[in-house]
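Presented below is the structure to which this report refers.
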Amino acid sequence: DIQMTQSPSTLSASVGDRVTITCRASQSISSWLAWYQQKPGKVPKLLIYKASTSESGVPSRFSGSGSGTEFTLTISSLQPDDFATYYCQHYIKYPYSFGQGTKLEIK
Amino acid sequence: QVQLVQSGPEVKKPGASVKVSCKASGYTFTDYNVNWVRQAPGQGLEWMGIINPSHGGTSYAQKFQDRVNMTSDMSTSTLYMELSSLTSEDTAVYYCARCDGDYASYSVTWGQGTLVTVSS
């Protein structure tokens with residue numbers, strides 16, 4: 001099975017900061033990676049798929065990059081609405097798996 | 001619009017089974033696979049498995065292989081996830097989530113979630 005590891009687990013940042021979250025796969029997943037945002041008590045929301053393609057309606061400050069085993073989610077200028085938990089997930093083969101999550105907190 | 005509406009919260013005793021439903025609307029039911037994902041309180045997302053509603057083919061995470069059954073009913077556009085031999089560790093919110101198409105098995109539309117509480 002493919003293991004997904006996110007870093008950091010928690011990230012403290014301020015409004016306006018540029019932040020990057022990393023996701024590493026235990027083996028190559030090409031570009032078959034998605035990123036989700038989840039706020040407390042809410043349903044996860046798809047942000048990015050195929051490593052770098054933004055879902056419709058997602059603000060342009062969110063971007064994804066990477067291929068193979070290392071991927072990043074970047075928020076170019078943090079907004080108050082962005083403080084949430086972010087998950088990566090591969091979907092190259094079963095079983096699909098998620099990273100453990102990165103909680104983005106207000107500094 | 002695409003919608004997945006799940007059944008209501010459940011409280012079960014250890015050893016029991018639970019069956020969660022997920023009614024789809026706004027798209028052709030048989031054209032898209034559906035993932036099932038769960039989230040224990042304060043924990044991350046956990047992929048449980050996937051079903052092809054057209055022919056009922058499934059793939060399950062090894063962890064659940066022996067006690068999960070995912071099914072679909074084309075007549076009502078409803079998916080079901082049944083989990084047996086429940087323990088307290090199965091207390092979680094269970095989500096159904098529709099994929100985006102072939103080779104696009106990420107979850108683009110999610111149900112609202114169903115809280116399953118396992119307690120004696």
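Bear in mind the structure is a predicted one, so any value in this text is a computation, not a measurement. The analysis underlying the following values was restricted to heavy atoms, covering all of them including side chains, and did not include hydrogens, waters or symmetry mates. Every chain is numbered from 1, with letters handed out A, B, ... down the list of sequences.
Rounded to the nearest 0.5 angstrom, A:Cys88 SG and B:Leu45 CG are separated by 10.5 Å. From B:Asp100, atom CG reaches atom NZ of A:Lys50 across 12.0 Å, with rounding to the nearest 0.5 Å. With rounding to the nearest 0.5 Å, the separation of CG in A:Leu46 from CH2 in B:Trp110 is 9.0 Å. Taking CD of B:Gln39 as the reference point, atom CD of A:Gln38 lies at 4.0 Å (rounded to 0.5 Å). Rounded to the nearest 0.5 Å, atoms NZ (A:Lys93) and OG (B:Ser59) are 12.0 Å apart. Expressed to the nearest 0.5 Å, how far OH of A:Tyr91 lies from CD1 of B:Ile50 amounts to 12.0 Å.
Cluster membership for A:Ile75 and A:Val58, using ILVMFWY side-chain heavy atoms within less than 4.5 angstrom, is shared. A:Ile2 and A:Tyr87 fall within the same hydrophobic cluster, where Ile, Leu, Val, Met, Phe, Trp and Tyr residues are linked whenever their side-chain heavy atoms come under 4.5 Å apart, directly or through other members. Under the 4.5 Å side-chain heavy-atom criterion for ILVMFWY residues, no single connected hydrophobic cluster contains both B:Val116 and B:Val11. Linking ILVMFWY residues whenever their side-chain heavy atoms come closer than 4.5 Å, directly or via other members, places A:Met4 and A:Ile92 in the same cluster. Placement of B:Tyr94 and B:Tyr80 in two distinct hydrophobic clusters is found when ILVMFWY residues are connected by side-chain heavy-atom separations under 4.5 Å, directly or transitively.
The list of salt bridge (Lys or Arg N to Asp or Glu O under 4.0 Å) pairs with a residue in residues 41-66 of chain B, not counting sequence neighbours, reads B:Arg38-B:Glu46, B:Glu46-B:Lys63.
In plain terms, the two heavy atoms of A:Pro95 and B:Ala61 that are nearest each other are CB-CA, 4.4 Å.
Classification of the B:Trp47-A:Tyr96 ring pair by plane angle, with boundaries at 30° and 60°, yields tilted.
Counting only heavy atoms from C-beta outward, the side chains of A:Phe98 and B:Val37 approach each other to under 4.5 Å.
Heavy atoms of A:Pro44 lying under 4.5 Å from chain B belong to its backbone as well as its side chain. Residue B:Tyr95 touches chain A through its side chain alone, counting heavy-atom pairs closer than 4.5 Å.
A distance-only check finds a donor-acceptor pair linking the side chain of A:Tyr36 to the backbone of B:Ser107 [under 3.5 Å].
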